[in-house]
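Every value quoted in this text rests on a predicted model; they were computed, and no experiment measured them.
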Amino acid sequence: VQLQAFGGGLAQPGGSLRLSCAASGRTFSRYAMGWFRQAPGKEREFVSAISWNGVTYYADSVKGRFTVSRDSAKNTVYLQMNSLKPEDTAVYYCAVRNIGAAGTKDYEYAYWGQGTLVTVSS
């Protein structure tokens, strides 16, 4: 099982980025997928998650600005990030659970991608 996240980069405050996470080695259509992030010197934190049937969850800090979605046919989950702020700067990780219900704790996820760096700066 492999997860590959990409789409990170440098964005200006107020700008947008779209992260993608492609899963391979298994069909994940029946499993929840999530996004977490870790800023320098901070612990990893929950960002967003989507259940197998499309129910979404967001951290309060990103609600209204980020949108998670999935394309089960492509085994891919996306994170559209709008109105970016400097405090969104972090390495973003995608993860997959072994069940369909989404979770907000990192220990609930079995498989992890390598992370993609998002930097928000002018």
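A donor-acceptor pair under 3.5 Å links the side-chain atoms of Thr89 to the main chain of Val120, judged by distance alone. Between the side chain of Gln114 and the backbone N or O of Ala5 there is at least one donor-acceptor pair closer than 3.5 Å.
Cluster annotation: Val96 and Val55 are assigned to distinct hydrophobic clusters (Ile/Leu/Val/Met/Phe/Trp/Tyr, side-chain heavy-atom contacts under 4.5 Å, transitive). Note on Tyr111: it does not cluster hydrophobically with Val91, by side-chain heavy-atom contacts below 4.5 Å among ILVMFWY residues.
Residue Ala110 comes nearest to Asn98 through the heavy atom pair CB-ND2, 3.4 Å, listed as atom of the first residue, atom of the second, then distance. In terms of heavy-atom proximity, Tyr109 sits nearest to Gly34 at CE2-N, 3.6 Å. In plain terms, the two heavy atoms of Ala49 and Ala102 that are nearest each other are CB-CB, 3.8 Å. Considering every non-hydrogen atom in both Ser16 and Asn82, the closest pair reads OG-OD1, 2.9 Å. Across every non-hydrogen atom of Leu79 and Ser48, the tightest pair is CD1-CB, 4.1 Å. Heavy-atom minimum distance, Leu19 versus Gly8: CD2-N, 3.5 Å.
The environment of Glu87 atom CD is dense: over 12 non-hydrogen atoms of other residues, nucleotides or ligands sit within 6.0 angstrom. Within 6.0 Å of CD on Glu45 lie more than 12 heavy atoms contributed by other residues, nucleotides or ligands. Few gaps surround NZ on Lys63; more than 12 heavy atoms of other groups in view lie less than 6.0 Å from it. Other residues, nucleotides and ligands contribute at most 12 non-hydrogen atoms within 6.0 Å of the CH2 atom of Trp52.
Arg65 is not listed as a side-chain neighbour of Met81, based on a closest heavy-atom distance of 4.5 Å or more. Looking only at side-chain heavy atoms (C-beta outward), Tyr78 and Asp71 come within less than 4.5 Å of each other. In this structure the side chain of Ser121 reaches within 4.5 angstrom of the side chain of Leu10, judged on heavy atoms. Side-chain contact between Leu3 and Tyr93 is absent, with no heavy-atom pair separated by less than 4.5 Å. In this structure, the side chains of Tyr58 and Thr67 come closer than 4.5 Å at one or more pairs of heavy atoms. The shortest distance between side-chain heavy atoms of Thr76 and Phe28 does not fall below 4.5 Å. Residues Phe36 and Phe46 have side chains in contact (heavy-atom distance under 4.5 Å, counting atoms from C-beta outward).
The pair Lys85-Asp88 fails the salt-bridge criterion, with no side-chain N (NZ, NE, NH1 or NH2) lying under 4.0 Å from an Asp/Glu carboxylate O.
Ile99 contributes atom CD1, which lies 14.5 Å from atom CZ of Arg30 (distance to the nearest 0.5 angstrom). One finds the CZ atom of Arg97 at 10.5 Å from the OG atom of Ser51 (value rounded to the nearest 0.5 Å).
Screening residues 16-122 for disulfide (SG to SG under 2.5 Å), with sequence neighbours left out, gives Cys21-Cys94.
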(request) Evaluate the side chain to side chain donor-acceptor pair (under 3.5 Å) criterion for residues Arg37 and Tyr92: first the C-alpha distance (whole Å), next the side-chain angles of each, then the deciding distance (0.1 Å), finally the verdict. (result) CA-CA 4 Å; Arg37 68 186 181 187; Tyr92 283 71; 2.9 Å; yes
